[in-house]
Amino acid sequence: MVYDFRKIEKKWRLYWAKNGTFRADNISSKPKYYVLDMFPYPSGSGLHVGHPLGYIASDIIARYKRHKNFNVLHPQGYDSFGLPAEQYAIQTGQHPYLTTQDNITRYRDQLDQMGFSFDWKREVRTSSPDFYKWTQWIFLLLFDHYYCNESNKALPIRDLILFFEKEGNININAACSIGTKQFSADQWHAFTQDEKDEMLLNYRLTYLSESEVNWCSDLGTVLANDEIINGVSERGGYPIMKKKMKQWSMRIGAYAERLITDLDKIDWPEPLKEMQRNWIGKSVGAKVFFQIEGYDHKIEVFTTRPDTIFGVTFMTLAPELELVRVITHPDQKGEVDEYIKKTQSRTQRERLADVKKITGVFTGSYVLHPFTGERIPIWIGDYVLADYGTGAVMAVPCGDQRDYDFAKHFNIRIKNIFKGISIDKKACTDKENIIIDNSDFLTNLNHNEAMDKVIDALEESGSGTGTINYRLRDAVFSRQRYWGEPIPIYYKNQIPQPLSLQDLPLKLPEVEKYLPTKEGSPPLGNAQKWAWNTKTRKVVQNKKIDQKTVFPLELNTMPGWAGSSWYFYRYMDAQNPNSFVSKEAIDYWKDVDLYLGGSEHATGHLLYSRFWQKFLFDLKLLPVEEYAKKLINQGMILGTSAFIYRTPKSNSYVSKDLLDSVEGFEAIRVDVNLVNSSDELDIDGLRKWQKQFEFADFKKHSGVFKVGREVEKMSKSKYNVVNPDEICHRYGADTLRMYEMFLGPLEQAKPWNTAGISGVYNFLRKYWRLFYKENTWIVNDKEPSKKELKVLHETIKKVTIDIENFSFNTCVSSFMICVNELTNLNCHSREILTQLTLLLSPFAPHLAEEIWEKLGNDNTLAYAPFPLVDESHLIEKIKNYPISFNGKMRFIISLSLDLDEESIKKAVLGDDRTNEYLKGKIPKKWIIIPNKIINIVC
RNA sequence: GCUCGAGUGGUGGAAUUGGUAGACACGUUGGACUUAAAAUCCAAUGGCCAUUGUGGCCGUGCGGGUUCAAGUCCCGCCUCGAGUACCA
């Protein structure tokens, strides 16, 4: 009998589906284990071989944990709102719902094919109203809360109102928007309702504000900072401009400190945590106020170096700042206006590109130094960013290189405040080895002393305070798109008003066109029915707005990260119509034990979801402050693109080995599926593939035409996509699963290379031959020999440790060694093979189930106990050794199963590694530490 | 520029965390079986030298150091990759 993987895999796929083998229960006496994958966006091109890498790894863990008697939650779903489906809709008119539906069907087929043990009863889709109802609900909760810096958590807005009624906002310590005006209790009472609502927006955790946003005109929408790479959009690479727009934002900045400190509580990859820390960008320093000469106004700056305050020789403001227009001296107005105009018209990319070019202009006004009273000129310059700190800096050219360059360029005075340090060539940015000079009461102090003293002095004189600043900016939450969650808000007198839970879900309206309206409103502006009747609490026709009861609804939708910020809780109770997740479900499952996904989400999804988690935790809706205890980043699988080389101005191509003979050749990408594993091109296939090659001329070398190779990201446009369906068809899912694990360490990025797959395939067939010779079942009931047991138990030990450490590539090697050795020993013992099958089942589940059944078991092997190595006799042996430690020599002996005291001594004496130094110095007393391997220290 | 991470055969990668470097697999070469091919099995496979025989020397990006012992630890370089970028 041959290993017929097609038959076997089909059989078990059906069996698992029919019997609901992997359904998880919310009530169980077993300990729980929650293994989560980052859910995919179902794109039109289907899965490629890179996608399943993480799913295979998590599936191995899920199956392993089931063997270890855990109640395992291992769900899957779809992040199904998104740009591509919408752009397809714009081009073809097909509703994004249908596109998404088709893609999901395709994804599901592909996922099923690979034998994942998902509990599909718990599937979620972010674009389903049953799901986004709760996304909208969380939005409303955010709208209804503010962040109290005193108790360090989110509190209801009604508490804030009570506070305002008593004392106004002067003494409140809460997160609020920059520039929020102060008012007293009396003033609060005098406000109209609209004015109150408007004021409250400055405090709500999600708020509407006019702010500078990243506008991408090619995509027709705004983008968040993490959606921009190198000044262009992550999707499509289009230019980004700064633009003022009224937008919803999330006050994630309120949680900055907790997002940093709680990183210490979770077992996530250190590089990823570091990325989050950098992104949040905490810096400690001081706020300083500078009085503007001739105005009743102060400029507030943030600085990390208040100790250098006596070195200030000018101020620089960001050109975007409102204040600039106010304080500009009439004489300078023309120049300033022109400069502002120039900076506004530049895209972010252009601005980044000429970072080195120093530009700026003098405003003609001055501030007064808080300690010396000196007149300090105010400049504007675009090296100062409007949205970091206060958009203004106190320039200390002797202590900051950019200030130094600016001063040199415009010939501004540079004052040296560092003792014995020359600043002729460049600024001194060192903090450790300096003594302050020329600085009044700070003279002769070092950095730390000066910091403390100057902050005290600033606070005493009322011209500043010690403070902490974060780079993290509030996240823009509006998107001018159709295919996203509608924001559950309507407008009364242009003031946003929330819907309530009973009104949800606010379903997406039908539109005729998916483009913005003629007036430039987002696509939802095309909807006929899209206004809110506050009496009936229903969506009604836009057209007949009765000013008293019918109000326009919000036209923006939520960004892609909204649904993905909490989806992992919905899996716990996916079909609950009454709550986002029931109390029972959440009390049982609590949090994610293992989360697997790519590190590209470090500053997006993985930060936003932590923010929402903390918010919902503050509201006591969730039991833990961090949702994922452990996270692993699987590395990307890269494609190996193939190139052919065209001789200039011709339709003639040369084989790669002839490349030296061609000058100025042009490399052209061809489909990797037309190239075999020895890099030889299928020329006939190529002629059929694209018209341009139909009559082309191909110069071979020694009878073959070879292509060039290059490793790149796998993508459709690079023609380097390898589809898992074909691999499954040729070798089977079990081979694919094992091969992807065998390819290298999980976390590492690695190029896909089909060449090695036969090794894994041969292994599975070799394994099969332990059970069958020709057509005969050859398993016997003989007592296993010591040697056979040793091989098995060594493998059990190795594989168990490796699975626990997510080192799956070495697991596969261990299996190969084991099977080779059992083959050499001619072992067909039922006992040995039963255990080996269990060991193998997380990796090659279909094959393992088939063998399990053939071995005479009635039930699925999915829940059978994982084999253990019995080490108790070793521990006994070890106990008999006298224990002591003296000296630093150390020997390591791999303890085989039947090693006795004599053998250990012999091993130490006979070890070649014990060189002359040790001969004759055998320790009198030994300490033996039972570990993976036994260390003998003497 | 800053912050991480990585450099091991022809290739992907092992190495019990300081203890025989190159496991396992691919590829290559030779052999067996076959009319032949495929499949399968066996053997060799880091480099250099020596082979009548045991063998010897070098070798984990480069240069130093610690140690009886270094791919692994320390110092200084080089190269590549990732993230971030006028953050005051």
Side-chain angles (χ1 to χ4, degrees), chain A residues 2 225 229-231 269-279 281-283 285 301-306 308 315-316 318 351-352 354-358 381-385 387-396 399-403 405-406 429 469-473 599-600 602-603 633 635-636 677-678 711 738-739 742-745 747-763 765-766 769 797-798 801-802 807 809-818 820 823 888-894 911-919 921 931-935:
Chain A
V2 293
N225 286 326
I229 313 273
N230 289 331
E270 203 47 52
L272 189 137
K273 288 194 196 179
E274 199 56 34
M275 274 162 76
Q276 292 208 344
R277 283 193 201 102
N278 289 341
W279 189 260
K282 178 177 178 173
S283 45
V301 302
F302 172 76
T303 175
T304 53
R305 295 295 303 275
T308 63
M315 303 287 291
T316 318
R351 197 165 162 170
L352 280 174
D354 25 80
V355 161
K356 283 184 194 88
K357 219 161 145 195
I358 297 163
D382 70 356
Y383 80 96
V384 177
L385 303 175
D387 47 9
Y388 179 75
T390 57
V393 301
M394 57 174 232
V396 183
D400 183 287
Q401 194 55 45
R402 288 153 304 159
D403 296 343
D405 294 340
F406 195 86
T429 49
N469 204 29
Y470 299 92
R471 197 186 80 111
L472 182 70
R473 270 158 267 162
S599 59
E600 66 272 21
T603 53
N633 294 128
M636 211 188 314
S677 55
S678 328
V711 173
M738 289 202 95
Y739 183 58
F742 184 65
L743 223 44
E747 287 99 329
Q748 213 170 82
K750 47 208 166 254
W752 176 261
N753 174 8
T754 319
I757 202 164
S758 62
V760 171
Y761 183 56
N762 286 344
F763 156 75
R765 289 195 297 176
K766 212 164 178 179
R769 284 201 299 275
K797 205 168 172 180
K798 188 95 203 335
I801 292 166
D802 284 346
S807 178
N809 54 330
T810 51
C811 273
V812 179
S813 295
S814 303
F815 285 129
M816 288 175 173
I817 294 167
C818 180
N820 280 344
T823 306
K888 56 177 174 176
M889 302 307 297
R890 204 163 108 156
F891 302 91
I892 297 178
I893 298 169
S894 179
D911 191 330
D912 292 339
R913 287 164 291 175
T914 62
N915 50 26
E916 289 307 313
Y917 183 84
L918 192 81
K919 293 267 164 74
K921 284 194 192 176
N931 202 332
K932 300 174 202 166
I933 278 167
I934 309 291
N935 295 337

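The figures here come from the full heavy-atom set of this structure, side chains too, leaving out hydrogens, waters and symmetry mates. Model, not experiment: these values are computed from the prediction. A note on names: the letters A, B, ... follow the listed sequences, proteins ahead of strands, and every chain is numbered from 1.
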Q: Applying a 4.0 Å non-hydrogen cut-off, can you work out what Val384(A) is touching in the nucleic acid: base, sugar-phosphate, or nothing?
A: base
Q: Suppose we screen for salt bridge (charged side-chain N to carboxylate O under 4.0 Å, His left out). Which residues come up paired with Lys282(A), at least two apart in sequence or across chains?
A: Glu257(A)
Q: Using ring-ring contact (aromatic ring centres under 6.0 Å, His included) as the criterion, list what pairs up with Phe742(A), not counting sequence neighbours.
A: none
Q: Could you list all N or O pairs between the protein and nucleotides 38-44 of chain B that sit under 3.5 Å apart?
A:
{"unit_1": "rA39(B)", "atom_1": "O3'", "unit_2": "Arg765(A)", "atom_2": "NH2", "d": "3.3"}
{"unit_1": "rU40(B)", "atom_1": "OP1", "unit_2": "Asn762(A)", "atom_2": "OD1", "d": "2.7"}
{"unit_1": "rU40(B)", "atom_1": "OP1", "unit_2": "Arg765(A)", "atom_2": "NH2", "d": "2.5"}
{"unit_1": "rC41(B)", "atom_1": "OP1", "unit_2": "Arg769(A)", "atom_2": "NH2", "d": "3.2"}

Q: On a whole-Å scale, what distance lies between the P atoms belonging to rC4(B) and rA23(B)?
A: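 rC4(B) and rA23(B) have their P atoms separated by 35 Å.
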Q: Excluding sequence neighbours, so at least two apart, what forms salt bridge (charged side-chain N to carboxylate O under 4.0 Å, His left out) with Arg471(A)?
A: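 None.
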Q: With sugar-phosphate meaning primed atoms plus P, OP1 and OP2, does Asp382(A) contact a base, only sugar-phosphate, or nothing at under 4.0 Å between heavy atoms?
A: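 Touches a base.
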Q: Could you list the residues that satisfy ring-ring contact (aromatic ring centres under 6.0 Å, His included) with Phe406(A), not counting sequence neighbours?
A: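 For Phe406(A), the residues satisfying ring-ring contact (aromatic ring centres under 6.0 Å, His included) (neighbours in sequence not counted) are Phe314(A), Trp379(A), Tyr383(A), Phe410(A).
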Q: Write out a two-atom table: protein N or O, nucleotide N or O from nucleotides 28-33 of chain B, distance below 3.5 Å.
A:
none

Q: Look for any protein N or O under 3.5 Å of an N or O in nucleotides 2-11 of chain B and output each such pair with its distance, or none.
A:
none

Q: Can you list everything that forms a salt bridge (charged side-chain N to carboxylate O under 4.0 Å, His left out) with Asp802(A)? Sequence neighbours excluded, please.
A: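 Once residues adjacent in sequence are excluded, the partners of Asp802(A) under the salt bridge (charged side-chain N to carboxylate O under 4.0 Å, His left out) criterion are Lys798(A).
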Q: Suppose we screen for salt bridge (charged side-chain N to carboxylate O under 4.0 Å, His left out). Which residues come up paired with Asp403(A), at least two apart in sequence or across chains?
A: none
Q: From CD of Glu600(A) over to C1' of rU84(B), roughly how many Å is that when rounded to an integer?
A: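 Rounded to whole Å, this separation is 16 Å.
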Q: With respect to the side chain of Ala755(A), which nucleotide from rC26(B), rC24(B), rC87(B) is positioned closest?
A: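 From the listed options, rC26(B) comes nearest.
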Q: Can you identify which nucleotide, out of rG12(B), rC86(B), rU84(B), has its nearest atom closest to the Phe742(A) side chain?
A: rG12(B)
Q: If a pair means Watson-Crick or G-U wobble with both distances below 3.5 Å, what does RNA chain B look like in dot-bracket form, with | marking bases paired to a different strand?
A: (((((((..(((......[....)))((((((.......))))))((((.....))))..(((((..]....))))))))))))....
Q: Given atom CE of Met394(A) and atom P of rC87(B), what is their separation to the nearest angstrom?
A: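 Roughly 15 Å, once rounded to whole Å.
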Q: If the condition is ring-ring contact (aromatic ring centres under 6.0 Å, His included), which residues does Tyr388(A) pass it with, not counting sequence neighbours?
A: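 By the ring-ring contact (aromatic ring centres under 6.0 Å, His included) rule, Tyr388(A) matches no residue at all.
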Q: Give Tyr470(A) one of three labels, base, sugar-phosphate or nothing, depending on what nucleic acid heavy atoms sit under 4.0 Å from its own.
A: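 Contact class for Tyr470(A): none.
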Q: Starting at the 5' end of RNA chain B, which residue's closest nucleotide do you reach first, Val393(A) or Gln748(A)?
A: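 The residue mapped nearer the 5' terminus is Gln748(A).
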Q: Taking side chain to side chain contact (heavy atoms under 4.5 Å, CB included) as the definition, give me every residue that meets it alongside Ala602(A), ordered by chain and number, with sequence neighbours left out.
A: Leu272(A), Met275(A)
Q: Measure from the side-chain heavy atoms of Ser283(A) and tell me the nearest of rA88(B), rA85(B), rC24(B).
A: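 For the Ser283(A) side chain, the nearest candidate turns out to be rA88(B).
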Q: Closest to the Trp279(A) side chain: rC24(B), rU84(B), rA88(B)?
A: rU84(B)
